[in-house]
Amino acid sequence: MKKTVVIFGVIFALLTVNIFAGGNRQSGTPQTQASSQTYELAFITDIGSIDDGSFNQGSWEGVVRFGTEYGISYKHYQSEHQSNDARLSAIDNAVKGGAKLIIASGYLFEVPIHRAQDIYPFIRFILIDSIPNNGNMAGGRPSYKTGDNTVSVLYAEDQAGFLAGYAAVADGYRQLGFIGGVANSSVIRFGYGFIQGAEYAAQELGLTPGSIAINYHYSGQFTATPQIQSLAASWYNTGVEVIFACGGAVGSSVMAAAEQTGGKVIGVDIDQSGESAAVITSAMKMLQSSVYDSIAAFYSGRFPGGQTLVFHAANNGVGLPMDTSRFRTFNKTGYDSIYRRLSNGAIPRIEAIDAYGNPSIVPVSMVRITEM
């Protein structure tokens with residue numbers, strides 16, 4: 001890994017007038033153009049869809065927005081099955097399809113992009129939510145490499161989770177739940193931040209130690225299942241008021257349970273208020289804008305190859321969608337206040353995480369955590 005950059009927004013003021021002056025504007029409609037059409041922008045997912053209402057969709061919308069605004073052709077490619085070879089094959093298909101810039105979504109592309117950046121040195125890559133590595137865990141960690149033709153884009157999920165946990169407690173909720181997907185670093189950080197935010201709000205409110213309860217569970221997948229819906233429903237029926245659903249399509253199962261029982265949900269990655277009336281807010285990564293801006297850097301001739309860009313509170317890379325949130329008492333004034341403290345460093349970030357996502361490493365006194 002080369003350099004880590006923690007500022008990003010300023011460099012994209014360069015996306016002003018006529019970046020593509022004189023270019024041939026196309027319709028930008030994905031996958032509907034003639035079969036002979038090549039696609040400059042390629043968005044690649046694993047087996048997850050681009051209409052998951054979460055991470056993939058938010059990233060894809062950044063591609064669609066840019067391609068549509070500037071007449072750049074784009075296409076979604078999906079690996080046929082769960083393997084690094086299948087993901088590399090999808091990348092190869094994108095290259096054969098005329099891709100100049102490939103955006104890959106999620107941690108499962110760490111190893112494929114690590115390989116592809118050397119196989120295709122003339123192609124530029126943006127890896128969302130991870131850093132390319134060789135996948136070799138010898139010595140406890142793989143070897144990382146972000147090539148000069150690659151940019152890694154990361155997010156401070158712990159800060160987004162913090163805001164969600166803080167807002168929930170500030171809004172009067174005391175019985176909380178967290179249902180994550182696969183316990184990867186992003187999901188773990190969301191959960192840790194959620195605990196930290198709930199703890200911070202409880203201390204600020206002067207609550208008694210142990211007054212906030214959090215049920216905690218990793219489902220081990222990013223798909224909606226009857227089992228997750230049943231688990232969420234059982235939590236709601238035994239007193240949990242709101243569940244932070246942090247696992248892509250896992251959220252659909254939690255939302256279904258909430259609608260059946262009258263419970264509430266905190267969404268993840270993008271504003272999920274439109275998915276269900278049970279969603280009170282969402283712990284957002286500004287996926288659409290960060291993907292859009294990363295593509296803009298490429299077309300502006302300022303592609304920050306070899307760098308890792310981190311989006312956090314200080315550069316408005318994470319947040320809650322206050323305009324669509326359904327809080328009872330928590331308001332914009334309270335949100336702006338806690339956001340300022342988070343962005344100026346007054347509230348320290350959680351840096352260390354347990355490899356298995358053990359929530360007990362988050363220091364708490366107000367919060368009782370029950371792992372399930």
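Quantities reported herein were computed from a predicted structural model and do not represent experimental measurements.
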With ring-ring contact (aromatic ring centres under 6.0 Å, His included) as the criterion, how do Tyr299 and Phe66 come out once you've worked through the C-alpha distance, each side chain's angles and the decisive distance to 0.1 Å? CA-CA 10 Å; Tyr299 280 101; Phe66 191 91; 5.6 Å; yes
For Met322 and Tyr339, run side chain to side chain contact (heavy atoms under 4.5 Å, CB included): C-alpha distance rounded to whole Å, both residues' side-chain angles, the deciding distance at 0.1 Å, then the answer. CA-CA 12 Å; Met322 290 303 294; Tyr339 200 94; over 6 Å; no
Shortest non-hydrogen contact from Thr308 to Thr146? OG1-OG1, 4.1 Å
Closest non-hydrogen atom pair, Ser294 against Val153: OG-CG2, 3.9 Å
OG of Ser130 to CG of Leu108, rounded to nearest 0.5 Å, is 9.0 Å
For the residue pair Ser186 and Lys285, establish whether any side-chain heavy-atom pair is separated by less than 4.5 Å. yes
Let me see the working for Phe311 and Asp293 under side chain to side chain contact (heavy atoms under 4.5 Å, CB included), right down to the final yes or no. CA-CA 12 Å; Phe311 291 84; Asp293 287 347; 5.6 Å; no
Please output the side-chain donor-acceptor pairs of residues 193-202 that fall under 3.5 Å, not counting sequence neighbours, one pair per line with the distance.
{"unit_1": "Gln196", "atom_1": "NE2", "unit_2": "Pro348", "atom_2": "O", "d": "2.9"}
{"unit_1": "Glu199", "atom_1": "OE1", "unit_2": "Ser365", "atom_2": "N", "d": "3.2"}
{"unit_1": "Glu199", "atom_1": "OE1", "unit_2": "Met366", "atom_2": "N", "d": "2.9"}
{"unit_1": "Glu199", "atom_1": "OE1", "unit_2": "Val367", "atom_2": "N", "d": "3.2"}
{"unit_1": "Glu199", "atom_1": "OE2", "unit_2": "Gln203", "atom_2": "NE2", "d": "2.8"}
{"unit_1": "Glu199", "atom_1": "OE2", "unit_2": "Ser365", "atom_2": "N", "d": "2.9"}
{"unit_1": "Glu199", "atom_1": "OE2", "unit_2": "Ser365", "atom_2": "OG", "d": "3.0"}
{"unit_1": "Glu199", "atom_1": "OE2", "unit_2": "Met366", "atom_2": "N", "d": "3.2"}

Of all heavy-atom pairs linking Glu371 and Asn358, the shortest is OE2-OD1, 3.5 Å
State, without any angle test, whether Glu259 and Ser276 hold a side-chain donor-acceptor pair at a distance under 3.5 Å. yes
Met284 side chain reached by Pro321 side chain, heavy atoms, under 4.5 Å: yes
Angle class for the Phe330/Tyr335 ring planes (parallel below 30°, perpendicular above 60°, tilted otherwise)? perpendicular
Does any non-hydrogen side-chain atom of Val63 lie less than 4.5 Å from one of Val291? yes
Would you call the rings of Tyr216 and Phe178 parallel, tilted or perpendicular, where under 30° means parallel and over 60° means perpendicular? parallel
Indicate whether any N or O donor in one side chain lies under 3.5 Å from an N or O acceptor in the other, for Asn56 and Thr45. no
With sequence neighbours excluded, what pairs up with Ser252 under the side chain to side chain donor-acceptor pair (under 3.5 Å) test? none
